[in-house]
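Owing to the predicted nature of the structure, the values given are computational and were not obtained by experimental measurement.
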Amino acid sequence: MEKSGYSLGNNLHYMARLIRRQDKGMFVLLALGALTGVALSLAGAYLPKLTLQGILEGWDGPRLIGGIGALALVMGACGYAQAHAGVAYQLRSDMARIAHIADIQKVALECEYSVLENPGRRTMLNEAMEVCANGSPSGGFYGFVDAVRAALAAALNMLAFGILLILGLSPVVVLVTFACAALSAFLNGRVARYEHDHREQWTPIDKKLHYVQDSVTQTRFGKDVRLYQCQDWLAARMDELVIARLVQYKRVLLRYLGADGMGMLGRLLRDGVTMGYLISMALSGALAAPDLLLYLSSASQLSDSVGALFDAVNRLNRCHLKLCAMRAFMDLPDVQPDGRGEAPPRSALPPWIEFKDVSFRYEEGGEDILKNISFTLRSGEKLALVGGNGAGKTTLVKLMCGFYKPTQGQVLLNGTPIERFNREKLFALYSTVFQDMTILPLTVGENVSMHIREESDMGKVAGCLERAGLAGRFESLDTLLVKASHPEAQDLSGGEAQKLLLARALYKDAPILILDEPTAALDPLAESRMYEQYSQFTRGKTSLFISHRLSSTRFCDRILYMEHGEILESGSHDQLMAAGGGYAHLFEVQSQYYKEEGQSHEQAV
């Protein structure tokens with residue numbers, strides 16, 4: 001099983017630095033709550049002794065009432081201070097937790113794109129978010145902070161009542177109480193470690209459960225589920241996954257039940273020894289009645305404090321293990337953006353890009369997705385990349401943009417390996433339209449400019465929307481999008497979303513334009529207009545056009561034909577047709593489809 005690289009002490013130091021950076025006042029509240037809690041407990045233990053002693057010794061009314069009143073006043077003041085410190089500490093802990101969520105989200109937004117597509121590291125990101133998203137005292141970031149508070153309060157209480165019992169009675173009572181609680185804590189700690197070390201056994205089940213739950217609850221699945229009558233299948237799959245998850249849960253629960261059972265036996269032994277010792281002293285006359293009350297209360301407080309301390313330590317250990325998962329993601333070497341790297345050289349000409357013997361695989365030991373790719377996208381050239389599904393076209397684009405590093409070979413920009421460049425400055429060179437359409441819950445104008453309204457050129461936004469074929473579609477550039485985020489927002493059709501993404505790429509106006517299946521969701525007329533305008537869109541730019549539809553590539557300067565991760569053919573449309581290879585065959589197949597469709601239309605007329 002995996003071993004954490006962070007000790008409990010290391011995580012305590014990490015959290016202390018984090019809290020000191022965000023809110024130093026939490027340390028004052030932590031100390032105030034613990035100290036007033038001890039004072040309150042001591043006053044509560046002495047109150048019965050004082051009352052009985054006053055009655056037995058025949059104190060007059062004012063003296064007895066005054067003594068009781070003074071203790072009650074101390075208890076009231078301490079109780080109020082403890083409650084105030086506790087609430088303030090909880091609120092500030094929650095604010096620190098939320099602030100750290102923002103830190104994790106910032107890392108997720110700025111980390112290497114490969115992290116988001118790697119299943120293992122995606123799991124680490126989800127675990128990191130879960131640690132901070134959990135606002136329960138039983139786990140995560142807040143649980144860790146709350147467990148520190150509880151442990152400090154219990155430790156001070158234990159120290160105070162332990163000293164009281166050692167000085168007044170015997171160390172035996174304290175040692176027995178401590179030993180029984182330590183046994184319970186040790187057993188629970190072992191179970192917590194087992195739960196952490198075996199979590200990868202149920203993580204895949206949890207992922208599947210979440211996916212099935214999304215299939216049941218999200219509207220994007222609703223039509224297919226009903227039309228294809230998948231309800232029974234989904235319900236059966238959910239039952240299978242729930243049962244599989246319960247099996248794993250049962251294994252952990254049984255271990256906790258065993259540890260709790262041993263802990264209960266330890267508490268019975270502890271209470272038996274303590275009560276027997278006190279009662280024997282009282283019967284022998286060695287202990288007066290008021291002192292018996294004091295020590296009975298103190299023994300109970302000690303017992304509770306030791307139990308609370310080890311419970312807090314166990315909770316701290318569980319939260320510590322979860323905190324390790326968060327820190328494991330935050331400390332990944334390729335996650336934190338370092339801001340280093342040189343700026344790409346400026347030139348009056350559009351950039352050129354070269355792939356030099358590039359191979360790539362997503363996982364170590366896996367199959368190469370790209371194999372020995374070599375070509376040059378020349379300055380100002382319009383290059384088409386075509387091939388069937390799974391040929392590696394989109395993966396090639398990810399390498400070109402710097403989202404991934406080649407397994408072998410180099411990707412060069414103006415002759416320099418792109419990994420040498422500052423990432424933000426490198427990304428600034430690309431305007432892209434990808435297959436997966438990302439519409440944000442912002443206004444139309446902000447979706448195009450990808451900036452807040454005050455930093456956007458709304459005249460330029462309107463012009464880009466018109467060039468992309470969306471002129472007049474929206475009443476205002478302040479129209480909100482994504483209805484799920486706001487009741488007055490609008491949702492876009494697939495074709496409209498694709499046009500909006502084209503407008504976004506045009507607005508950015510970067511020197512390299514990459515269009516990955518930009519017409520897949522467009523109707524034939526809109527697609528035709530897109531092809532007619534392509535030369536205008538790419539004027540003064542280096543461009544890459546990816547498409548399944550080979551008829552759309554005739555307006556490009558050159559075409560690369562890919563199969564199974566390799567470039568098999570390169571040339572103009574006429575050259576590739578004359579060569580009679582895979583491109584020509586695929587073009588003829590697609591052309592035949594359109595010819596047959598046209599003939600059928602003529603016959604119908």
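- Here the two rings, on Phe403 and Phe427, have centers that are under 6.0 Å apart.
- With hydrogens and angles ignored, the 3.5 Å screen pairs no side-chain donor or acceptor of Glu455 with any backbone N or O of Ile452.
- Here the OH atom belonging to Tyr430 is positioned 10.0 Å from the NZ atom belonging to Lys508, to the nearest 0.5 angstrom.
- More than 12 heavy atoms of other residues, nucleotides or ligands shown are found within 6.0 angstrom of NZ on Lys483.
- Residues passing the ring pair (Phe, Tyr, Trp, His ring centres under 6.0 Å) test with Tyr14, sequence neighbours excluded: none.
- By the neighbour-count criterion of 12 heavy atoms within 6.0 Å, atom NZ of Lys356 is sparsely surrounded, having that number or fewer from other residues, nucleotides or ligands.
- Note: Asp103 CG to Gln105 CD = 9.5 Å, rounded to the nearest 0.5 Å.
- Two residues are said to be in side-chain contact when any heavy atoms from C-beta on lie closer than 4.5 Å; Leu465 and Leu477 meet this criterion.
- Contact check for Arg453 versus Met458: side-chain heavy atoms found under the 4.5 Å cut-off.
- Summarising the geometry of Pro350 relative to Thr542, their closest heavy-atom pair is CB-OG1, 3.2 Å, with the distance given to 0.1 Å.
- Panel note: side chain Thr407, backbone Arg361; a donor-acceptor pair is recorded below 3.5 Å.
- Of all the heavy atoms in Ser543 and Leu377, the pair that sits closest is O-CD1, 3.6 Å.
- Contact between Pro511 and Pro351 at its shortest, heavy atoms only, is CB-CD, 3.6 Å.
- For the 3.5 Å distance criterion, the side chains of His13 and Asn10 fail to qualify, holding no donor opposite an acceptor.
- To the nearest 0.5 Å, the span separating CD on Glu354 from CD1 on Ile418 amounts to 12.5 Å.
- Pairing each heavy atom of Ser374 with each of Asp357, the nearest pair is OG-N, 2.8 Å.
- Taken from CG in Leu412 to CD in Glu419, the straight-line distance is 8.5 Å, to the nearest 0.5 Å.
- A donor-acceptor contact shorter than 3.5 Å links the side chain of Ser431 to the backbone of Ala505.
- Taking a 6.0 Å sphere around NZ of Lys371, one finds it holds more than 12 heavy atoms contributed by other residues, nucleotides or ligands.
- Checked by atom type, the side-chain pair Thr394/Asp516 shows a donor-acceptor distance below 3.5 Å.
- At a threshold of 4.5 Å between non-hydrogen side-chain atoms, the residues Leu29 and Arg92 count as touching.
- With sequence neighbours excluded, the residues satisfying ring pair (Phe, Tyr, Trp, His ring centres under 6.0 Å) with His573 are Tyr583, Phe587.
- Heavy atoms only, all atoms of each residue included: Val461 and Ser449 are closest at CG2-CB, 4.2 Å.
- Residue-environment remark: CE (Met95) stays at or below the threshold of 12 foreign heavy atoms within 6.0 Å.
- By the 4.5 Å heavy-atom criterion applied to side chains, Arg315 and Asp146 are counted as neighbours.
- No side-chain heavy atom of Leu502 sits under 4.5 Å from any side-chain heavy atom of Arg467.
- We find that Arg97 and Asp94 are joined by a salt bridge, their nearest charged nitrogen and carboxylate oxygen being less than 4.0 Å apart.
- Although no hydrogens or angles enter the test, the distance criterion places a donor-acceptor pair under 3.5 Å between the side chain of Ser359 and the main chain of Asn372.
- Residues that satisfy the ring pair (Phe, Tyr, Trp, His ring centres under 6.0 Å) test with Phe27, not counting sequence neighbours, are absent from this structure.
- You'll find the side chain of Asp368 stays beyond 4.5 Å of the side chain of Gln408, heavy atoms only.
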Residue pair Tyr507, Ser456: steps toward the side chain to side chain donor-acceptor pair (under 3.5 Å) verdict: CA-CA 10 Å; Tyr507 183 92; Ser456 303; 4.8 Å; no

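- Between the side chain of Asn422 and the backbone N or O of Glu342, no donor-acceptor pair lies under 3.5 Å.
- Checked by atom type, the side-chain pair Tyr404/Thr395 shows no donor-acceptor distance below 3.5 Å.
- Put simply, the side chain of Asp557 gets close to the backbone of Lys382: a donor and an acceptor are under 3.5 Å apart.
- Between Leu501 and Asn447, the closest side-chain pair of non-hydrogen atoms is not below 4.5 Å.
- Between Val448 and Leu500, the closest side-chain pair of non-hydrogen atoms falls below 4.5 Å.
- Closest non-hydrogen pair, Cys401 versus Leu426, comes out as O-CD2, 3.9 Å.
- Here the CG atom belonging to Leu323 is positioned 9.5 Å from the CG atom belonging to Leu12, to the nearest 0.5 angstrom.
- Atom CD1 of Ile104 sits about 5.5 Å away from atom CE of Met326, to the nearest 0.5 Å.
- Of the residues His564, Met562, Glu566, the one that meets the side chain to side chain contact (heavy atoms under 4.5 Å, CB included) test with Leu370 is Met562.
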